[in-house]
Amino acid sequence: MTTRNYQLENLTCPSCMAKIESALRRTKGVQSVEVLFNSSRARVTFDELVVSSDDIKRVIEGLGYKVLGER
Amino acid sequence: MKTTEFQRVMLSGMLIVASFALRRTAVSPVVADVSMLGAAMVAGIPIMRRAIGAIRYRIMGIDALVSLAVAGAVYLREYWEAAAVTFLFTLGNYLESRTLEKARASIKALLNMMPDVARVIRDGREMEILPEQVAMGDTVIVKPGERIPVDGTVIEGNAYVNQAAITGESIPVNKEMGDRVFSGTVIESGYLKITADRVGEDTTFARILQMVEEAQDKKAKTQKFLETFSRYYTPFITAFALLLFIFTRDLRLSLTMLVIACPGALVIATPISIVAGIGNGARHGVLIKGGEVMEKLGQIKVLAFDKTGTLTEAKPRVTGLKSFEMEEDELLMIAAIGESYSEHPLAKAIVSVAQEKLGPIRELAGASEIIPGQGLKVKVRGREYLIGNRKLMLENGVSIGQEQEKYIGQQEESGQTVVIVSDAERVLGVISLADTVRADAKQLIADLKQLDIRRIVMLTGDNRRIAEAIARQLGIDQCFAELLPEDKVRVLEEVSRQFGPAAMVGDGVNDAPALASADLGIAVGGAGTDVAMETADVVLMSNEINKLAYAIGLSRATVRNMKQNIFFAIIVAALLLAGVLAKKVFLSSGMFVHELSVLIVIINAVRLLAYRR
């Protein structure tokens with residue numbers, strides 16, 4: 001399991017959080033997701049054997065939120 | 001084509017205006033309709049795109065609801081409604097993101113205090129590198145106007161340093177050889193050469209930043225509840241809209257229902273107040289670790305203070321020396337040799353006064369045993385001595401004579417701490433020490449009483465009479481003295497059962513268990529003491545204890561702000577619902593009220609940034 005933080009563009013509506021959280025939760029290999037509203041960040045714990053960090057970024061960007069960085 | 005939200009708002013708005021203008025001219029109304037439809041498309045297409053993105057993951061977000069409403073409006077040929085809804089939604093989002101940035105600005109401002117360059121001496125040459133490239137032990141040079149890039153110790157120079165980044169206090173303090181300096185602070189005048197003790201992520205400033213960043217997203221209880229609520233609210237209203245359509249066949253009514261299905265203001269009500277409150281605190285050197293702590297801090301009814309280091313300076317001075325058997329100097333010498341290994345502040349004070357009077361102490365103590373809360377047993381010059389408090393004497397069967405008892409009593413009555421020196425049988429002498437009460441402590445206690453704190457108590461391991469002398473002086477309600485660290489935990493439970501939620505205020509040095517076990521732990525002078533910073537829920541970075549009254553006031557203001565927001569959001573949601581059902585509110589007006597309410601909530605939270613005391 002790996003945990004990574006994705007810095008997103010400024011989140012403005014809390015409903016974005018719900019959206020990103022549920023989309024990632026439904027992604028195979030993702031164990032837990034926490035979207036931090038005020039710091040506009042997504043903290044994702046996932047199984048690297050099943051899903052890659054790039055896949056996760058793709059999901060977030062597919063929802064229309066730019067990923068500005070990860071660490 | 002990539003466009004910014006702002007451009008889309010402008011273009012959409014212009015098309016709406018153009019459409020109204022065209023309608024007044026002789027041109028065919030179709031042209032006006034096309035312009036209006038264009039406005040809806042410009043603002044609406046990105047919304048639909050996001051909606052589709054979400055639907056792929058089977059999520060009905062607000063985008064999907066708005067898209068549906070717009071599609072319905074177009075179907076009903078209500079082009080103005082379609083344009084108005086998308087325009088208002090996009091404009092609302094744009095304005096919200098701008099005001100949100102304001103609310104989050106104090107924390108961003110902290111980030112900007114991060115040092116970006118370090119000047120170090122390597123291979124005898126001065127060079128500029130990135131702060132994270134500095135190694136521990138490097139010699140760093142900082143000039144006027146520059147930010148200190150590491151935590152370190154001054155080895156040369158003298159400067160006035162503005163420590164606002166850490167303590168929130170912008171009056172510069174003097175730093176010279178041997179002083180500790182913090183990363184992120186700025187030299188206003190002078191020059192310093194320092195040895196790097198902590199670099200990069202380990203510096204106090206980096207850790208504060210990290211904690212603040214985490215704190216702003218730690219949810220308040222209220223917030224968790226509201227999030228759960230809205231998770232059900234949206235599908236409920238959506239289903240309701242569908243039912244409404246099935247029974248009334250009123251498409252317009254049902255579509256309007258969709259637009260108001262997202263309780264945006266309600267969901268944003270708490271996190272936005274919290275971030276503004278935490279930001280305000282961080283700017284003033286008060287770290288409040290999250291929403292739940294914020295809620296608790298405002299409800300505290302009991303404040304328990306650690307005495308030493310919190311209400312007093314923790315710098316005891318020797319104020320008197322009384323020998324019953326031998327020369328005073330000899331007594332002092334024995335005590336100093338005996339205490340030379342101890343880290344206790346009283347021991348340090350005795351050693352330092354002995355050094356002052358008698359010169360460097362070269363003799364070593366023999367076997368010694370430290371008895372926590374009592375003192376120590378030590379062999380000096382082949383003889384066994386006891387150095388410590390009354391309890392130590394009692395437990396080791398040393399009797400205190402009448403004359404000695406009277407002297408000790410007098411000393412204690414006047415607020416002195418006594419250290420008794422004895423051999424195996426008799427008391428040989430008494431050393432009196434006194435700690436200075438912090439200048440701002442009295443004012444603080446008065447301020448706290450004004451804040452309606454029910455009970456202010458003091459906990460200390462010190463002697464009862466000394467503790468009471470200080471408590472009286474400060475106006476503290478009750479003092480618990482002669483406590484061991486584990487007793488403090490028990491006393492805390494007791495007072496909190498009696499008077500309500502209790503906060504422990506300490507410096508985190510010897511009261512970490514109490515800080516951790518209290519309903520709320522507040523550390524004073526947290527910058528630099530890691531344990532305190534980690535365990536406490538609220539950290540006052542500087543030593544200025546009067547920040548405590550500000551912190552409590554701030555948390556109450558924040559909770560009040562939060563409640564205003566929630567109350568307002570609920571009223572708006574209820575009115576909208578009623579308005580829609582009464583057919584007084586339609587798509588555009590529904591969206592307008594919705595977006596306006598979110599904006600008002602954010603603006604209300606921004607007001608918190610101005611809170612000060």
Side-chain angles (χ1 to χ4, degrees), chain A residues 1-48 50-71, chain B residues 5 46-47 49-65 89 92-101 103-104 107-108 111 212-219 223 226-227 230-231 234 261-272 274-276 278-279 291 598 602:
Chain A
M1 285 297 161
T2 347
T3 300
R4 295 195 74 85
N5 283 299
Y6 300 89
Q7 182 66 53
L8 313 177
E9 59 186 313
N10 262 336
L11 293 181
T12 52
C13 59
S15 65
C16 324
M17 291 167 63
K19 218 156 57 179
I20 298 169
E21 278 184 1
S22 22
L24 285 174
R25 247 181 231 131
R26 285 172 197 172
T27 307
K28 250 207 170 88
V30 172
Q31 199 200 18
S32 70
V33 195
E34 196 185 352
V35 177
L36 307 173
F37 176 59
N38 282 321
S39 44
S40 303
R41 221 179 261 169
R43 187 179 294 157
V44 189
T45 306
F46 56 94
D47 187 348
E48 272 187 316
V50 184
V51 66
S52 73
S53 180
D54 281 341
D55 293 335
I56 287 172
K57 273 200 270 189
R58 220 167 291 132
V59 172
I60 300 174
E61 297 204 319
L63 292 171
Y65 302 96
K66 247 186 265 153
V67 176
L68 303 177
E70 63 167 296
R71 57 172 189 169
Chain B
E5 204 160 39
I47 304 176
R49 206 180 283 150
R50 283 203 300 270
I52 292 167
I55 284 170
R56 277 202 313 235
Y57 294 95
R58 286 173 290 136
I59 301 160
M60 279 286 266
I62 188 165
D63 301 315
L65 298 179
F89 187 67
N93 271 344
Y94 173 72
L95 293 177
E96 281 152 24
S97 75
R98 296 297 299 268
T99 35
L100 262 169
E101 265 169 48
R104 294 170 179 164
I107 292 170
K108 283 259 162 61
L111 281 171
V212 172
E213 281 218 290
E214 268 171 36
Q216 64 177 341
D217 280 304
K218 270 196 199 138
K219 290 174 186 172
Q223 186 179 351
L226 289 174
E227 276 177 12
S230 56
R231 204 166 295 146
T234 307
C262 248
L266 197 57
V267 181
I268 212 166
T270 34
I272 202 63
I274 298 281
V275 77
I278 289 177
V598 174
I602 303 176

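Just so it is clear: chains get the letters A, B, ... in the order the sequence lines come, proteins before strands, and each one is counted from 1. Source: prediction; values computed, not measured.
- Contacts of Arg25(A) with chain B are absent, with no heavy-atom separation under 4.5 Å from either backbone or side chain.
- In terms of heavy atoms, Leu11(A) sits closest to Leu100(B) at O-CD1, 3.8 Å.
- Proximity to chain B is absent for every atom of Val35(A), based on heavy atoms less than 4.5 angstrom apart.
- Both tests pass for Arg104(B) against the ring of Phe37(A): distance under 6.0 Å to the centre and angle within 45° of the axis.
- Taking chain A as the reference chain and counting heavy-atom pairs below 4.5 Å, the highest number among Glu101(B), Glu96(B), Gln216(B) is found for Gln216(B).
- Arg56(B) and Gly62(A) make their closest contact through NH2-O, 3.6 Å (heavy atoms, listed as atom of the first residue, atom of the second, distance).
- The nearest pair of heavy atoms linking Asp217(B) to Ser39(A) is OD2-OG, 2.5 Å.
- From Ile278(B), atom CD1 reaches atom CG of Asn38(A) across 8.0 Å, with rounding to the nearest 0.5 Å.
- In this structure the side chain of Asp63(B) reaches within 4.5 angstrom of the side chain of Lys19(A), judged on heavy atoms.
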